[in-house]
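A quick write-up on the structure given underneath.
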Amino acid sequence: MYNFSYINPTKLIFGAGQIEKLKTELPADAKILIVYGGGSIKHNGVYQQIINALQGFEYLEFSGIEPNPHYETCMEAVEIIRREQINFLLAAGGGSVIDAAKFMAAAALFKGDDPWQIVEQGLSIESALPLCTVLTLPATGSEMNGNSVITRDADRNKLGWGSLKVYPVFSILDPETTYTLPPKQIGNGVVDTFVHTTEQYLTFATDAKLQDGFAETILRTLIAEGPKALQTPRDYNVRANLMFASTMALNGLIGTGVPQDWATHGIGHELTARYGLDHGQTLAIVLPGALTVLREQKGEKIAQCGRNVFGINEQNIDTQIDKTISAIENFFEEMGISTHLSQYGITEEAADAVSARLAERGWLLGEKQNITPQMVKTILLLRK
Ligand code: NZQ
Ligand code: ZN
């Protein structure tokens, strides 16, 4: 196991009916900006619950955060935050809304000329406004981490950044808020959580038994509960298990002391930036290809995943690896998320385009930083 330090300052408030806790968790002098997306919170009662809880608080609203949130939209909110002297952000929605609020929190106090530098150069920020979240889509883990992924629409640049300063102060997770998710978003969320786990688990063995065990439990939970969420959308326990799994998959815990990959995410962001695919869809396409191309390097952990997660026990290591990769792909399909570029109407031109973009960025990917743009091309050609 590698050395590590671990901190997670976010308070989690979990369960049905917990949105009303906003009134006790928010500071009395908070001047709040409620940040939300395209309006799903208005259709499922979340908005009304928030407004009820904010009786007596001073607040404004900013809506219209798009999936894969735009820098340009965030900067409109930053204007309002500065002008109205907002001192607390409340993000209500999925990862896009939360990531946008994190960027606003940092940009509002940024002293330099161009806040895009926070994203592009990963500038370490000195301060950020406090924020809290009401999560409605279990997927990204953004409710309990310091990461944010922002797209600059002007040049379709989708990049991640992060800071300890933008961990939410608290996050409210009411599984009932997820009953209204369309099947596609249920699938996206399960795939995203699955791949967050594999990015920190399907690397090479470091004898980190606790981290491996946590990761395997998250994966088994997704496999057991994910399909049930599609079949019986209003099953509370199913939603609760999925919601907690997604938070735990990317709040830093399972990644402590172990190598981390993130190549599937790196390639996936380029596919979203260029073709507009949902984040979860890109991961379902890329992961089986990445595991296939890296089967030597990752073989021991892929075989372990097959045994401990899918119950595959082949004597021959190659068969074990093949069957495990197929089982992962089949699970994504079972969740309703297609795993090949052609199923989204994207041709093999994507392989060249994404590989060229990564070459331009000068990035090498993966836990050994040995995935070259040429290998990315090979991965995507396997997924046409
Ligand atoms: O905009 P609204 O109207 O709220 O609708 C959203 C949106 O259209 C809808 N939705 C959310 N909750 C709902 C609901 N519809 C009905 N009922 C509900 N309860 O779902 C759609 C997608 O929402 P979005 O927030 O975009 O999805 P997700 O949570 O998957 O977030 C994706 C973004 O997060 C980034 C991705 O790259 C992408 O930009 N990620 C952030 C990470 C992080 N901060 O740690 C890590 C991830 O790997 C990921 O990169
Ligand atoms: Zn993700």
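Every number for a ligand or one of its atoms is a count from 1 in the order of the listing.
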Using only atom types and a distance under 3.5 Å, with no angle test, would you say the side chain of [X] pairs donor to acceptor with the backbone of [Y]?
X      : Y      : value
Tyr6   : Gly257 : no
Glu270 : Val354 : no
Asp261 : Thr203 : no
His340 : Lys384 : yes
Arg383 : Ile285 : yes

Looking only at the side chains, is there a donor atom on one of [X] and [Y] sitting less than 3.5 Å from an acceptor on the other?
X      : Y      : value
Tyr36  : Glu61  : yes
Glu334 : Asn330 : no
Thr10  : Glu143 : no
Asn237 : Lys228 : no

| query | Do Lys11's NZ or CZ and the ring of Phe170 fall within the cation-pi criteria of under 6.0 Å and 45°? | reply | no
Looking only at distance, does [X] have an N or O less than 3.5 Å from an N or O of ligand 1?
X      : value
Gly39  : yes
Lys102 : no
Gly38  : yes
Gly95  : yes

Backbone, side chain, both or neither: what part of [X] comes under 4.0 angstrom of ligand 1, heavy atoms only?
X      : result
His196 : side chain
His269 : side chain
Ile98  : neither
Thr177 : backbone

Quick one: which ligand 1 atoms are inside 4.0 Å of a heavy atom on [X]?
X      : answer
Leu250 : 45 (O), 46 (C)
Gln185 : 20 (O), 21 (C), 22 (C)
Gly37  : 1 (O)
Thr180 : 16 (C), 17 (N), 18 (C), 19 (N)
His265 : 48 (O)
Asn44  : 17 (N), 18 (C), 19 (N)
Pro182 : 15 (N), 16 (C)

| field | Distance-minimising heavy-atom pair for Ile34 and Leu54 | value |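 Distance-wise, the nearest heavy atoms are CD1-CD1, 3.7 Å.
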Just to check, does [X] reach to within less than 4.0 Å of ligand 1 when the distance is taken from its heavy atoms?
X      : value
Gly93  : no
Asp99  : yes
Gly268 : no
Asn68  : yes
Lys158 : yes
Pro69  : yes

| Taking atom 7 (C) of ligand 1 as the reference point, the nearest protein heavy atom with its distance |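 Protein heavy atom at minimum distance: Pro67 CG, 4.1 Å.
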| query | Nearest protein heavy-atom contact for atom 5 (O) of ligand 1: which residue, which atom, what distance? | reply |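 In this structure, atom 5 (O) of ligand 1 has Ser40 OG, 3.7 Å as its nearest protein heavy atom.
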| Name of whichever N/O/S atom of Asp192 is nearest to the Zn ion (ligand 2) |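 In Asp192, the heteroatom (N, O or S) nearest the Zn ion (ligand 2) is OD1.
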